[in-house]
Asks: 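Before I ask anything, here is the structure I am working with.
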Amino acid sequence: MLRTILHSDLNNFYASVECRVNPEIRDKPAAVCGSESIRHGIVLAKNQLAKGYGVKTGMPVREAKSICPGLVTVKPNFPLYLKYSRMVRKIYSDYTDRVEAFGIDECWLDVTGSRRLFGDGEAIAWRIKERIKDELGITCSIGVSYNKVFSKLGSDIKKPDAITVIMPEHIESKVFPLPCEYLIYIGRATKRKLNNIGVHTIGNLARCNPVTLEKFLGKWGRTLWYFANGMDNSPVQRTDCEQGIKSIGNSLTTPRDLIDEQEVRMLLLILSESVGQRLRQHGMAGRTVQITIKDSSFNTIERQAGLGFYTNTVMEIYKESFYIFRLCWDWHVSIRLLGVRVTDLAAVDGFIQMSMFADRKHDKLERLDYCIDRIRGRFGYGAVKRALVLKEDLFNYNYVEEDAIHPTVFKF
């Protein structure tokens with residue numbers, strides 16, 4: 001028996017919520033944008049009126065205003081968006097307990113067991129779509145299919161406020177003519193590789209020899225062949241199943257380019273502090289540190305190294321990230337963005353591998369960080385600051401207000 005899987009995507013989510021709570025901007029082209037003053041000045045979401053002028057997500061704010069002179073820009077309000085996301089998921093839970101998040105504004109729903117109560121997948125999708133519109137004042141696009149890949153595809157190909165059904169009999173007519181990049185997990189790099197061997201549509205990909213794809217793209221090539229042919233059996237996670245956190249990281253585009261090691265050290269310390277704090281909040285520790293560097297020409301590299309032991313302490317993460325940086329960077333160009341990420345995670349209350357050469361210094365650092373967490377939890381993040389970051393104006397603007405480094409953590 002075929003499953004019935006829905007993928008619900010909230011249309012222009014951030015902008016739609018802002019227009020819902022701010023009636024004065026509903027009839028104007030509007031966009032939720034980052035701060036121009038600290039070079040986060042890109043469009044995060046836009047409403048339909050702004051989209052009609054050619055405003056696109058990821059576009060610099062200055063460019064958006066040049067093509068849409070009357071554009072109203074709004075600062076992001078993430079707590080508000082999370083509130084609406086929870087309310088939407090409450091509606092989903094009235095139809096199934098199998099709901100898997102794919103970001104704040106997208107979810108898969110397995111409604112196979114709900115068909116006797118509410119009708120077929122399309123009927124359930126209509127119920128959900130109309131309830132979201134009537135109760136919350138925002139719209140969604142829903143794909144209805146027999147697997148997660150094609151339900152996601154369905155929600156993408158027709159927007160806004162639409163329902164698209166893709167069943168086995170629709171694959172030839174609806175799926176195969178679409179560009180290959182419409183398929184989930186095919187990004188720009190993979191698209192370029194596929195185009196180079198003459199694969200331009202999902203149909204081209206489906207008709208390829210999977211052995212050839214595997215030689216060309218590795219194991220991932222065969223997986224994409226399965227997806228293109230509708231052979232996806234991955235389950236939709238239940239709402240009461242805690243999804244494993246694979247990594248925790250943070251990155252920041254600085255107000256101006258970084259030009260020396262001292263500035264890099266300070267930013268890596270700030271990012272390591274954020275990552276360590278989040279690891280401890282989730283009760284996790286990791287043993288691999290990864291850094292991301294984007295230079296002033298927008299070229300990006302990622303490098304990582306294993307620690308040999310698990311940690312969630314700030315200084316251990318920071319020292320390893322700076323060590324990786326010095327190995328891979330030769331200052332041929334200035335730096336626009338830095339990121340720090342910790343992977344290979346384990347729960348700190350579980351059984352984790354300790355270092356044979358660990359000394360009491362690790363325990364002291366760990367106790368210090370937990371103590372700082374408690375102080376900040378009671379008196380605010382600004383109650384304790386690293387002395388190193390007070391030396392430079394570059395890192396003294398209000399990161400908390402900008403929600404850039406230490407955003408409030410919300411749990412669904």
Side-chain angles (χ1 to χ4, degrees), residues 2-20 26-27 29-32 44-57 81 84-85 87-89 91-92 94-96 99-112 114-115 118-184 186 201-202 227 230 232 236:
L2 289 177
R3 297 181 298 165
T4 301
I5 310 296
L6 312 183
H7 183 271
S8 178
D9 185 358
L10 304 175
N11 302 138
N12 307 320
F13 180 50
Y14 294 174
S16 296
V17 171
E18 292 292 348
C19 289
R20 170 65 174 170
R26 289 180 190 171
D27 299 325
V32 178
L44 303 176
K46 73 286 179 192
N47 65 5
Q48 285 300 119
L49 290 173
K51 186 176 181 180
Y53 282 90
V55 176
K56 298 179 181 179
T57 301
Y81 310 148
Y84 268 78
S85 181
M87 291 190 291
V88 171
R89 294 182 195 197
I91 292 175
Y92 297 155
D94 289 342
Y95 298 92
T96 178
V99 180
E100 179 181 344
F102 190 60
I104 190 173
D105 57 346
E106 300 182 47
C107 284
W108 279 290
L109 295 77
D110 187 336
V111 296
T112 307
S114 307
R115 292 180 298 193
F118 304 111
D120 63 15
E122 187 173 4
I124 296 173
W126 275 104
R127 285 173 178 254
I128 291 172
K129 185 174 79 71
E130 293 306 309
R131 280 192 61 187
I132 291 174
K133 186 188 297 185
D134 294 342
E135 297 175 21
L136 303 180
I138 59 178
T139 64
C140 67
S141 295
I142 301 180
V144 183
S145 190
Y146 60 97
N147 62 45
K148 291 169 68 176
V149 170
F150 281 177
S151 63
K152 165 68 172 159
L153 181 65
S155 70
D156 286 340
I157 62 178
K158 191 175 181 183
K159 297 175 183 285
D161 197 20
I163 291 174
T164 303
V165 179
I166 300 177
M167 301 309 284
E169 60 269 23
H170 303 136
I171 294 177
E172 288 277 353
S173 60
K174 289 186 178 180
V175 176
F176 282 0
L178 296 172
C180 63
E181 63 267 24
Y182 274 46
L183 203 62
I184 190 172
I186 295 184
T201 67
I202 296 177
F227 288 170
D232 168 38
V236 175

Asks: Looking only at the side chains, is there a donor atom on one of D110 and T96 sitting less than 3.5 Å from an acceptor on the other?
Replies: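 No, T96 and D110 have no side-chain donor paired with an acceptor closer than 3.5 Å.
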Asks: Do N11 side-chain atoms and P160 backbone N/O form a donor-acceptor pair below 3.5 Å?
Replies: no
Asks: Side chain to side chain contact (heavy atoms under 4.5 Å, CB included) for I171 and F150? Distances and angles first, verdict last.
Replies: CA-CA 9 Å; I171 294 177; F150 281 177; 3.7 Å; yes
Asks: Kindly say whether D120 contributes a backbone atom to a donor-acceptor pair with the side chain of R115 at under 3.5 angstrom?
Replies: no
Asks: Donor-acceptor check, side chain of K159 to backbone of S155, threshold 3.5 angstrom: yes or no?
Replies: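 Such a contact is found between K159 side chain and S155 backbone.
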Asks: Going by atom types alone, do K129 and T139 pair a side-chain donor with an acceptor below 3.5 Å?
Replies: no
Asks: Charged N to carboxylate O under 4.0 angstrom, R127 versus D94?
Replies: no
Asks: Backbone N or O of T4 within a donor-acceptor pair of the T112 side chain at under 3.5 Å?
Replies: yes
Asks: Could you give the distance from OG (S16) to OH (Y81), rounded to the nearest 0.5 Å?
Replies: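 That separation rounds to 10.5 Å.
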Asks: Calculate, to the nearest 0.5 Å, the distance between atoms CG and CG belonging to D9 and D105 respectively.
Replies: 5.5 Å
Asks: Looking at V175 and I166, what are the two nearest heavy atoms and their distance?
Replies: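 Here V175 and I166 meet closest at CG2-CG2, 3.7 Å.
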Asks: Just by distance, do the side chain of K46 and the backbone of G54 share a donor-acceptor pair under 3.5 Å?
Replies: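 Not at all, since once roles are kept as given, no pair shorter than 3.5 Å links the two residues.
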Asks: Treating S114 as the side-chain partner and Y95 as the backbone partner, does any N or O pair qualify as donor plus acceptor under 3.5 Å?
Replies: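 The answer is yes, because a donor-acceptor pair under 3.5 Å joins these two groups.
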Asks: If you take all heavy atoms of A15 and A45, which pair is closest and at what distance?
Replies: N-CB, 3.7 Å
Asks: Just by modelled atom types, is the N147 backbone N or O under 3.5 Å from a matching donor or acceptor in the R3 side chain?
Replies: no
